[in-house]
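Take a look at the structure below.
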Amino acid sequence: MRLCDRNYTEDREKEYIERVIADKPNKTAPNPTKRATYKFVHLTDMHFDWKYKEGNDADCDQPLCCREDSGAPKNSSGAAQYWGTKSKCDVPARTID
């Protein structure tokens with residue numbers, strides 16, 4: 001069995017980095033004013049609920065709310081909205097349609 005040589009070269013971090021990137025091209029940040037701007041919406045893993053009922057309780061005691069059997073909300077701010085509600089609800093089919 002042979003052991004590794006005990007000779008080694010000590011590199012300082014900054015010198016090592018400069019040596020590694022020495023032959024790399026300089027990167028300049030693109031000028032954002034010359035690039036086209038696009039706006040888009042990316043929706044994934046959509047869940048819709050055929051039984052969604054606008055106006056019903058969005059924070060009920062069941063695993064899935066905003067349905068007929070969820071009942072009326074305790075206050076109007078807890079009601080299921082037309083396009084969907086950020087709560088324990090899937091969105092209505094019209095939101096995906």
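Taken together through direct or relayed side-chain contacts under 4.5 Å among Ile, Leu, Val, Met, Phe, Trp and Tyr, Met46 and Val41 form part of one hydrophobic cluster.
At least 2.5 Å separates the SG atom of Cys89 from that of Cys65.
Listed by first and then second residue, the salt bridge (charged side-chain N to carboxylate O under 4.0 Å, His left out) pairs involving residues 77-93 amount to none (not counting sequence neighbours). For residues 55-66, no residue pair satisfies the side chain to side chain donor-acceptor pair (under 3.5 Å) rule, not counting sequence neighbours. For residues 49-72, the ring pair (Phe, Tyr, Trp, His ring centres under 6.0 Å) pairs, not counting sequence neighbours, are Phe48-Trp50.
Side-chain atoms of Glu15 do not come within 3.5 Å of backbone N or O of Glu13 as any donor-acceptor pair. Without hydrogens or angle criteria, Ser87 side chain to Ala58 main chain gives a donor-acceptor distance under 3.5 Å.
Under the side-chain contact (heavy atoms from CB on, under 4.5 Å) criterion, Thr95 pairs with Trp83, Val91, Pro92, sequence neighbours left out.
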Identify each donor-acceptor pair in which a side-chain atom of residues 70-77 lies under 3.5 Å from a protein atom, sequence neighbours left out, and give them as a table.
unit_1	atom_1	unit_2	atom_2	d
Ser70	OG	Cys66	N	3.2
Ser70	OG	Arg67	N	3.0
Ser70	OG	Arg67	O	3.3
Asn75	OD1	Ser77	N	3.2
Asn75	OD1	Ser77	OG	2.6
Asn75	OD1	Gly78	N	3.1

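When all heavy atoms of Lys24 and Val20 are compared, the pair lying nearest together is NZ-O, 3.2 Å. Here the shortest heavy-atom pairing between Lys53 and Ala80 reads O-CB, 3.6 Å.
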